[in-house]
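This chain uses plain numbering: 1 for the first residue, then up along the sequence.
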Amino acid sequence: MERERVTAAVRGAVQELGYAFHTGSEVWAVAQTMRLPAVWLAAPVLKRTAGRRERRDTYGVRLRFMAAAMAEEAAAEGVWAALERDASALCDALRAEAWVRSVRGLKAVPEAKPLTPRGEAVVTAEFEVEVFYCN
């Protein structure tokens, strides 16, 4: 399934950027995030399909980029900026895949509260990936 292909591509790209990769329900983020920096991927959501023989599927992707941060907001600003750059780099890496038609609509939002008791900086990134293939 193409959802698994998108997940594998995201995994490879974030590991290339130096992040630990996790996927699944965010309920488990606290228990399973053992080292930082890390990326938590919610299951990609099939939003649209088009075409008969040459299929185009559009998946919604939602990730949480997490990195260690200082308690002061000024220090967190620098970490948030770095996480936003990495979210953009991830989109660039996905665009380079031959089976990806487009990656669009990147929205990266710094979160006020950490996901785990470690007090990490978190940026939530959302975008759409359109893939194509032949049936």
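Residue V131 is grouped with residue L46 when hydrophobic side chains (ILVMFWY) are merged at heavy-atom distances under 4.5 angstrom, including chains of intermediate members. Criterion: ILVMFWY side-chain heavy atoms under 4.5 Å apart, direct or through other members. Under it, L63 and V45 are not part of a common hydrophobic cluster.
Here F21 contributes atom CZ and W40 contributes atom CH2; the two are 9.5 Å apart, rounded to the nearest 0.5 Å. Atoms CZ and CD, on R101 and E54 in that order, are 9.0 Å from each other to the nearest 0.5 Å. How far CG of L94 is from CZ of F127: 5.5 Å, rounded to the nearest 0.5 Å. Atom-to-atom distance recorded for Y59:OH and T7:OG1 is 9.0 Å, nearest 0.5 angstrom. In this structure, the separation between CG on L41 and CZ on R64 is 12.0 Å, given to the nearest 0.5 Å. The CZ atom of R56 sits 13.5 Å away from atom CD of E2, with the distance rounded to the nearest 0.5 Å.
Between the R95 side chain and the V103 main chain, a donor and an acceptor come within less than 3.5 Å of each other.
Salt-bridge annotation for R48 and E128: present, with a side-chain N of the basic residue lying under 4.0 Å from a carboxylate O of the acidic one.
Applying the side chain to side chain donor-acceptor pair (under 3.5 Å) test to pairs two or more places apart or on separate chains, those with a residue in residues 11-21 are Y19-D86.
Looking at every heavy atom in both residues, A89 comes nearest to L17 through CB-CD2, 4.1 Å. Nearest heavy atoms, L36 versus A68: CD1-N, 3.9 Å. Of all heavy-atom pairs between H22 and A38, the closest is CD2-CB, 4.1 Å. Heavy atoms only, all atoms of each residue included: A125 and F65 are closest at CB-CE1, 4.0 Å. In plain terms, the two heavy atoms of A67 and V79 that are nearest each other are CB-CG1, 3.8 Å.
Side-chain contact between T58 and R104: present, with at least one pair of heavy atoms (C-beta onward) separated by less than 4.5 Å. The closest side-chain heavy-atom distance from V6 to W99 is below 4.5 Å.
Qualifying side-chain contact (heavy atoms from CB on, under 4.5 Å) partners for A108, counting only residues two or more places apart in sequence or in other chains: E84, V123.
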